[in-house]
Amino acid sequence: MPELSPAAHAILEVVRSIPRGRVANYAQIAARAGLIGRARLVAWALKQADAASAVPWHRVLRADGRIAFPVGSDAHALQLRLLRRERVPAVAGRVSRAFFAWQVDDLDRALWQPPD
DNA sequence: GCCCTGACGTGAA
DNA sequence: ATTCACGCCAGGG
């Protein structure tokens, strides 16, 4: 893939670190990549990366636990299938907070001290 | 430069 | 629960 900014690489690295069977939202990923408030950049980076590198993009959800793609779209259906394949349940169209890889307190700590 | 569009988030109404 | 206004910023026209 063509040149991605250092920020984009940092983002993809964080996405790669999401454990199988868990999910994370855009803001959390941005924060752990040292890019607080840059959730949209995470979305941008994923779009550039999808075909190029093997990142578990399907583990990235919106803050409310819903899939970012519009319901009914192919992408939405695919992501849901990939999540189900990892035993991540979506109740009423959204994933429970319990399945998020990093909880808020965890994230707060990460903001002051880099993750393990 | 200006304006609009996003795989977004947050807070307020 | 839903809307709305912002804040954010990379790209494209």
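Worth knowing before you read on, the calculation uses all heavy atoms, side chains too, and leaves out hydrogens, waters and symmetry mates. Every chain is numbered from 1, with letters handed out A, B, ... down the list of sequences.
- When the C1' atom is compared between dT5(B) and dC8(C), the two are found 13 Å apart, to the nearest whole Å.
- Looking at residues two or more places apart in sequence or on another chain, you find a side chain to side chain contact (heavy atoms under 4.5 Å, CB included) between Ala45(A) and Ala8(A), Ile11(A), Leu12(A).
- As a whole-Å value, the separation of Trp57(A) CH2 from dC8(B) P is 13 Å.
- Note: CZ (Phe69(A)) to P (dA7(B)) measures 8 Å, nearest angstrom.
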Extract from the structure each pairing of a protein N or O with an N or O of nucleotides 2-6 of chain C at less than 3.5 Å, listing the distance.
none

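- Counting heavy atoms from C-beta on, the side chains of His58(A) and Glu86(A) come closer than 4.5 Å.
- Between the side chain of Gln28(A) and the main chain of Trp102(A), a donor-acceptor pair closer than 3.5 Å is present.
- Surrounding CZ of Arg94(A) are at most 12 heavy atoms belonging to other residues, nucleotides or ligands under 6.0 Å away.
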Please step through side-chain contact (heavy atoms from CB on, under 4.5 Å) for the pair Val60(A) and Tyr26(A), ending with a clear verdict.
CA-CA 7 Å; Val60(A) 184; Tyr26(A) 295 83; 3.7 Å; yes
Determine whether Leu61(A) and Ile67(A) satisfy the following criterion, side-chain contact (heavy atoms from CB on, under 4.5 Å), listing intermediate values before the conclusion.
CA-CA 5 Å; Leu61(A) 303 176; Ile67(A) 288 175; 3.9 Å; yes
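- Look at CD1 on Ile29(A): it is 16 Å from P on dA7(B), rounded to the nearest Å.
- dG13(C) and dA7(B) have their P atoms separated by 15 Å, given to the nearest Å.
- A side-chain contact (heavy atoms from CB on, under 4.5 Å) with Val42(A) holds for exactly one of Val14(A), Leu35(A), Ile29(A); it is Ile29(A).
- Within the model, atoms CD of Gln79(A) and NE2 of His76(A) stand 7.5 Å from one another, a figure rounded to the nearest 0.5 Å.
- Going from atom CZ of Arg62(A) over to atom P of dG6(B) covers 13 Å, rounded to whole Å.
- Following rounding to the nearest Å, Arg32(A) (CZ) and dC8(B) (P) show an atom-to-atom distance of 21 Å.
- Per the geometry, NZ belonging to Lys47(A) stands 6 Å off C1' belonging to dG6(B), to the nearest Å.
- Across the protein-nucleic acid pair, Tyr26(A) atom OH and dG6(B) atom P stand 14 Å apart, rounded to whole Å.
- Rounded to a whole Å, the CD1 atom of Ile11(A) is 12 Å from the C1' atom of dC8(B).
- Around the CG atom of Asp74(A), the shell of radius 6.0 Å holds no more than 12 heavy atoms that belong to other residues, nucleotides or ligands.
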Kindly give the atom pairs (protein nitrogen or oxygen, nucleotide nitrogen or oxygen) under 3.5 Å for nucleotides 9-13 of chain C.
from: dA10(C); atom 1: OP1; to: Arg38(A); atom 2: NH2; distance (Å): 3.3

